[in-house]
Amino acid sequence: MPELPEVETTLRGIEPYVLQQRVKKVIVRQPQLRWPIPDELNKQLQNRIINKISRRGKYILLHTQRGAAILHLGMSGSLRVVDALTPAQKHDHVDICFTQGHCLRLRDPRRFGALLWSETPEQHPLLSPLGVEPLSAQFDASYLHAQAHGRKRAVKLFLMDSHIVVGVGNIYANEALFAAGIHPKTAAGKISLKRYETLASAIQSILTAAIQQGGTTLKDFLGSDGKPGYFKQQLNVYDRADAPCPRCTSAIKLVKLGQRSTYFCSKCQR
DNA sequence: AAAGACACCTGGGAGC
DNA sequence: TGCTCCCAGGTGTCTT
């Protein structure tokens, strides 16, 4: 479900309700997410203050003075801030309740998300191998070009590999390659530095624009305020198989790459 | 070392 | 109406 813009939208939405709040208790209704929610989570968070909230890739971190909860929304996860008395609905798996009477509620129908605890989150095995942030200064054409050296895999899969760059999921990988005029099956290692310049800036401008619009709502993504994202209106290729290419009007093609739907214009993307 | 397939899980829509 | 099948915004892990 969420890619980087949706996670960032979620984070910004919940931040005012979470920062500097003291945790009263954690209610776990369904601990079986991608990995079991650790038993110690309530013990670690109870009576502690969330003094910082951050994002690394698609992970959201709720920091306390001595450790952090690590949260991932998977394909279908969402976070809402609700009054603690609001009845939990199906798939509302976890509440992090605060002393002020509200709580942060995690809903995740498919349960591909995760909620973990680490005293040293930056060294956590899920986080430490992650690649660069696409909106950071380290992400540029020469980084991509260097990482791609000698690689034969399709550039789209290369872009979606979180060990290279985080946060670029299926929607934005498709859109960025369209914007850059690069065919998604091109071997990552045979793309020139020049073309990586176009691609890197396309990724950054698309992610930035999507964040500004509150993310992309396909069917069920809602920001923590319950509003959808509006970026879907600007998707040029994603989910538009057979529709006319906005640039040249020829039909958008759909193929599978790494079992993921891949949309592109065979005329505009070479 | 790198690439590819598979796994986890539920719900929605298409087609019959 | 109801069944079956396919698809979905992610990503760690196992196999080649």
Side-chain angles (χ1 to χ4, degrees), chain A residues 1-11 29-37 55-60 70-79 89-94 106-116 124-131 134 146-176 184-190 203 206-207 210-211 213-223 228-235 237-242 254-263:
Chain A
M1 163 198 181
E3 299 185 39
L4 188 148
E6 293 73 41
V7 176
E8 183 66 26
T9 297
T10 296
L11 184 148
R29 300 183 193 84
Q30 167 58 277
Q32 299 303 320
L33 302 187
R34 178 153 194 196
W35 298 279
I37 296 174
R55 178 185 63 70
R56 179 74 177 97
K58 296 170 191 166
Y59 293 89
I60 290 174
I70 300 172
L71 201 151
H72 196 289
L73 298 175
M75 287 278 266
S76 60
S78 60
L79 286 171
Q89 296 186 272
K90 196 175 183 185
H91 307 305
D92 285 345
H93 304 316
V94 181
L106 172 66
R107 177 178 301 182
D108 186 5
R110 290 178 72 181
R111 291 193 267 128
F112 288 170
L115 179 54
L116 301 168
H124 191 279
L126 289 175
L127 302 194
S128 61
L130 291 178
Q147 289 292 317
H149 181 75
R151 291 188 190 248
K152 291 178 180 164
R153 74 188 318 204
V155 62
K156 179 178 179 245
L157 298 175
F158 172 72
L159 285 184
M160 291 176 68
D161 183 344
S162 66
H163 301 104
I164 305 294
V165 53
V166 295
V168 182
N170 201 29
I171 296 179
Y172 300 111
N174 278 300
E175 293 299 316
K185 282 188 176 173
T186 313
K190 55 169 244 210
I203 290 169
I206 288 170
L207 292 177
I211 290 169
Q213 317 249 337
T216 299
T217 293
L218 293 183
K219 47 187 173 189
D220 58 4
F221 172 73
L222 297 176
Y230 297 101
F231 195 73
K232 186 180 197 315
Q233 299 157 21
Q234 292 176 39
L235 299 181
V237 291
Y238 183 82
D239 202 23
R240 296 193 64 244
D242 299 327
L254 167 59
V255 298
K256 290 281 181 190
L257 255 182
Q259 288 117 296
R260 309 301 299 276
S261 288
T262 301
Y263 303 86

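Each chain gets a letter, A, B and so on, in the order its sequence line appears, and its residues count up from 1.
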Using atom C1' in both nucleotides, what's the gap between C/dG9 and B/dA3 to the nearest angstrom?
23 Å

For C/dG9, does either OP1 or OP2 sit under 4.0 Å from a side-chain N or O belonging to A/Tyr238?
yes

So, is A/Lys58 close to the C/dG9 phosphate, meaning a side-chain N or O under 4.0 Å from OP1 or OP2?
no

Taking all non-hydrogen atoms of both residues into account, name the closest pair between A/Asn174 and A/Asn170 and its distance.
ND2-O, 2.7 Å

Strictly by modelled atom types, are A/Gln89 and A/Arg107 linked by a side-chain donor-acceptor pair under 3.5 Å?
yes

Show the nearest heavy-atom pair for residues A/Tyr238 and A/Glu175, with the distance to one decimal.
N-OE2, 2.8 Å

Please write out the pairs of protein N or O atoms and N or O atoms of nucleotides 3-6 of chain B separated by less than 3.5 Å, giving the distance to one decimal.
from  : atom 1 : to       : atom 2 : distance (Å)
B/dA3 : OP1    : A/Lys152 : N      : 2.9
B/dA3 : OP1    : A/Arg153 : N      : 3.2
B/dA3 : OP2    : A/Arg151 : NH1    : 3.4

Let's see if you can work this out: which of C/dC7, B/dG11, C/dG10 has an atom nearest to the side-chain heavy atoms of A/Pro109?
B/dG11

By salt bridge (charged side-chain N to carboxylate O under 4.0 Å, His left out) - contacts of A/Arg55 (at least two apart):
A/Glu8, A/Glu133

Would you please confirm or rule out a distance under 4.0 Å between OP1 or OP2 of C/dC6 and any side-chain N or O of A/Lys256?
no

Dot-bracket encoding of pairs in DNA chain B, which uses [ ] for pseudoknotted crossings and | for another strand, Watson-Crick or G-U under 3.5 angstrom:
.|||||||.|||||||

Nearest atoms (heavy-atom pairs only) where A/Arg110 meets A/Ser76
N-OG, 2.9 Å

Closest approach of A/Pro2 and A/Gly74, non-hydrogen atoms and distance?
CD-O, 2.8 Å

Between A/Leu115 and A/Val94, the two heavy atoms sitting closest are CD2-CG1, 3.8 Å

To the nearest Å, give me how far apart CG (A/Leu127) and C1' (C/dG10) are.
15 Å

Rounded to whole Å, the CD-C1' distance (A/Gln147 to B/dA2) equals 13 Å

In whole Å, what is the span from the CD atom of A/Glu6 to the C1' atom of C/dG10?
12 Å

Spacing between A/Tyr172 atom OH and C/dA8 atom P, to the nearest angstrom
17 Å

Contacts of A/Arg260 meeting salt bridge (charged side-chain N to carboxylate O under 4.0 Å, His left out) (sequence neighbours excluded), chain-then-number -> none

Over how many whole Å does the gap from A/Leu207 atom CG to C/dG9 atom P extend?
16 Å

Which heavy atom of A/Val165 sits nearest a heavy atom of A/Pro134, and at what distance?
CG2-CB, 3.7 Å

Expressed as a whole number of angstroms, how long is the span from A/Ile164:CD1 to C/dT11:C1'?
14 Å

Run the numbers on A/Leu116 and A/His124 for side chain to side chain contact (heavy atoms under 4.5 Å, CB included), then give the verdict.
CA-CA 10 Å; A/Leu116 301 168; A/His124 191 279; 4.2 Å; yes

When rounded to the nearest 0.5 angstrom, what distance separates CZ in A/Arg34 from CG in A/Leu126?
8.5 Å

Nucleotide N/O to protein N/O under 3.5 Å, stretch nucleotides 12-16 of chain C:
from   : atom 1 : to      : atom 2 : distance (Å)
C/dG12 : OP1    : A/Tyr59 : OH     : 3.0
C/dG12 : O4'    : A/Arg34 : NH2    : 2.9

Using a cut-off of less than 4.0 Å, is there contact between a side-chain N or O of A/Arg260 and OP1 or OP2 of C/dG9?
yes

Within the pair A/His72 and C/dT11, is there a side-chain N or O less than 4.0 Å away from OP1 or OP2?
yes

Value in whole Å for how far the P atom of C/dT11 lies from CG of A/Leu33
15 Å

d(CZ, A/Arg110; P, C/dC6) in whole Å:
16 Å

Excluding sequence neighbours, so at least two apart, what forms side-chain hydrogen bond (donor to acceptor under 3.5 Å, both in side chains) with A/Ser261?
A/Lys256

Please determine, for the side chain of A/Arg111, which listed nucleotide (B/dC9, C/dA8, C/dG10) has the closest atom?
B/dC9

Per-pair stack call A/Phe112 and C/dT11, 5.5 Å, 30°:
no

